[in-house]
There are 2 protein chains.
Amino acid sequence: MPHSDEVFTALASPTRRAVLALLLDGPKRVQELAEHFDMRRPSLSEHLKVLREAGLVSERRSGRFRFYSLEPEPLREVADWLTPYERFWREKLTGLRDLLDEEDGL
Amino acid sequence: MPHSDEVFTALASPTRRAVLALLLDGPKRVQELAEHFDMRRPSLSEHLKVLREAGLVSERRSGRFRFYSLEPEPLREVADWLTPYERFWREKLTGLRDLLDEEDGL
DNA sequence: TTGGTAGGTAGGAGATTTCCTACCTATAGT
DNA sequence: ACTATAGGTAGGAAATCTCCTACCTACCAA
């Protein structure tokens, strides 16, 4: 069970958020992930390690390959953390909506 | 208009998340916030600066004091980012994910 | 067994973060 | 005007992050 510290820290990197987004499509090999980033493979490996330790991805070995899969459960901690604030931006949003009806793309 | 990078980065620190939590109660002076942390005031000032630049707090001057208020709107970006993942942990919650697990080895 | 490929680990350079002390500015009260 | 208080800024030390190259292991194929 990952501590939420590790989860928030893992999400702080745009690269790591992009990895998670790629995994929304389904499990991927490291190489397949690496193609999307302008960085050497070992660097990506380290990002994957951070994600693994936060519990946000899991690894399955298959022959020479390792498939990484999304493990979104820790994100629930983020959603839960967000809950008490939700009320506030909703208030702000509805106030704004009267004035800027089309601006907030929702 | 804060970029979501700054928002996620701001949230990566437990201290800064705790500041936001304290501000759920309403605006507070710096000293009042500082009481909750085991750190010198200038260090907290720097955390407040990160939060300000992420648009997550605002400052209002009143005499010698500065009141910090929660500005939760940027958190909506986080909630929005979370949306596509929500479906997945919901599935996991209902146990559906366990059935699909055998299938992700494509 | 030899060679090629997937991907991790080691170690280090440079940037960034996080804390500190020292100092500065602004306001309030006397 | 003088002093005290609130809180920000400057600059630096230590820790951490993020990238790199070099290397290692594991597996597959000939």
Side-chain angles (χ1 to χ4, degrees), chain A residues 2-23 26-71, chain B residues 2-23 25-71 104-106:
Chain A
H3 196 264
S4 52
D5 251 34
E6 292 174 281
V7 179
F8 279 102
T9 297
L11 297 185
S13 151
T15 299
R16 291 191 292 263
R17 291 199 303 280
V19 167
L20 295 179
L22 289 167
L23 292 178
K28 293 214 178 346
R29 286 181 283 122
V30 174
Q31 228 184 12
E32 220 174 330
L33 293 169
E35 284 163 12
H36 295 82
F37 300 99
D38 184 24
M39 112 187 11
R40 306 290 173 183
R41 204 190 22 69
S43 306
L44 182 60
S45 267
E46 283 153 23
H47 284 298
L48 290 172
K49 185 179 184 183
V50 173
L51 289 168
R52 246 186 288 125
E53 286 170 354
L56 287 162
V57 302
S58 63
E59 165 199 286
R60 177 175 58 80
R61 276 160 228 240
S62 167
R64 268 178 300 182
F65 306 113
R66 306 193 185 190
F67 286 88
Y68 275 85
S69 306
L70 186 62
E71 293 293 340
Chain B
H3 197 265
S4 53
D5 251 33
E6 293 175 282
V7 179
F8 278 102
T9 298
L11 296 185
S13 152
T15 298
R16 291 190 292 262
R17 291 198 304 279
V19 167
L20 295 180
L22 289 166
L23 293 180
D25 273 354
K28 295 213 176 351
R29 286 180 284 122
V30 173
Q31 228 184 12
E32 219 175 330
L33 293 170
E35 284 163 9
H36 295 81
F37 300 98
D38 184 25
M39 110 185 16
R40 305 293 172 181
R41 205 190 23 71
S43 306
L44 182 60
S45 266
E46 283 153 22
H47 284 297
L48 291 172
K49 185 179 184 182
V50 173
L51 289 168
R52 244 186 289 126
E53 286 171 353
L56 286 162
V57 301
S58 62
E59 165 199 284
R60 177 176 56 82
R61 277 158 228 240
S62 167
R64 268 180 301 183
F65 306 113
R66 306 191 186 194
F67 286 89
Y68 277 85
S69 306
L70 186 62
E71 293 293 339
D104 64 17
L106 75 121

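All values below come from the heavy atoms of this structure, side chains included, with hydrogens, waters and symmetry mates left out. Bear in mind the structure is a predicted one, so any value in this text is a computation, not a measurement.
For residues 31-40 of chain A, proximity to DNA chain D is found at Met39(A), Arg40(A), defined as any non-hydrogen atom under 4.0 angstrom from a strand atom. Listed by residue number, the members of residues 60-68 of chain B with any heavy atom below 4.0 angstrom from DNA chain D are Arg64(B), Phe65(B), Arg66(B), Tyr68(B). Shown for residues 11-22 of chain A: no residue has heavy atoms falling under 4.0 angstrom of DNA chain C.
Checking the phosphate oxygens (OP1, OP2) of dT18(D), no side-chain nitrogen or oxygen of Ser43(A) falls inside 4.0 Å.
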Distance-only donor-acceptor hits, side chain of residues 40-48 of chain A, under 3.5 Å, sequence neighbours excluded:
from: His47(A); atom 1: ND1; to: Arg16(A); atom 2: NH1; distance (Å): 3.1

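The closest side-chain heavy-atom distance from Val19(B) to Phe37(B) is below 4.5 Å. At a threshold of 4.5 Å between non-hydrogen side-chain atoms, the residues Glu71(B) and Val57(B) do not count as touching. By the 4.5 Å heavy-atom criterion applied to side chains, Arg17(B) and Asp5(A) are counted as neighbours. Using a 4.5 Å cut-off on side-chain heavy atoms (C-beta onward), Glu53(B) and Glu6(B) make contact.
Taking each heavy atom of Ala10(B) and Leu56(B) in turn, the nearest pair found is CB-CD1, 3.9 Å. Taking both residues in full, the closest heavy atoms of Ser69(A) and Leu23(A) are given as C-CD1, 4.0 Å, listed atom of the first, atom of the second, then distance.
With sequence neighbours left out, the ring pair (Phe, Tyr, Trp, His ring centres under 6.0 Å) criterion links Phe8(A) to Trp81(A).
Heavy-atom distances to DNA chain C give each of Glu59(A) and Glu46(A) a nearest nucleotide, and the one nearer the 5′ end belongs to Glu59(A). Annotation: of the two residues near DNA chain D, Val50(A) and Leu48(B), the 5′-most nearest-nucleotide partner is Leu48(B). Projected onto DNA chain D by closest heavy-atom contact, Ser45(B) and Thr9(A) fall at different nucleotides, the more 5' of which corresponds to Ser45(B).
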_Assess the residue pair Leu11(B) and Leu20(B) against the criterion (side-chain contact (heavy atoms from CB on, under 4.5 Å)); give the C-alpha distance rounded to whole Å, side-chain angles, the decisive distance to 0.1 Å, and a yes or no._
CA-CA 9 Å; Leu11(B) 296 185; Leu20(B) 295 180; 3.7 Å; yes

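For the pair Leu51(A) CG and dC17(D) P, the interatomic distance rounds to 14 Å; values are reported in whole Å. In this structure, the CZ atom of Arg41(B) is 13 Å from the P atom of dT5(D), given to the nearest Å.
Put simply, CD on Gln31(A) and CZ on Arg64(A) are 10.0 Å apart, with the number rounded to the nearest 0.5 Å.
Under the 3.5 Å distance criterion, with hydrogens and angles disregarded, a donor-acceptor pair is assigned to the side chains of Tyr68(A) and Arg52(A).
For DNA chain C, the contact window with chain A, defined by any atom under 4.0 Å from a protein heavy atom, covers dG4(C) to dG11(C) in 5' to 3' order.
In this structure a side-chain-to-backbone donor-acceptor pair under 3.5 Å is present from Glu32(B) to Arg29(B).
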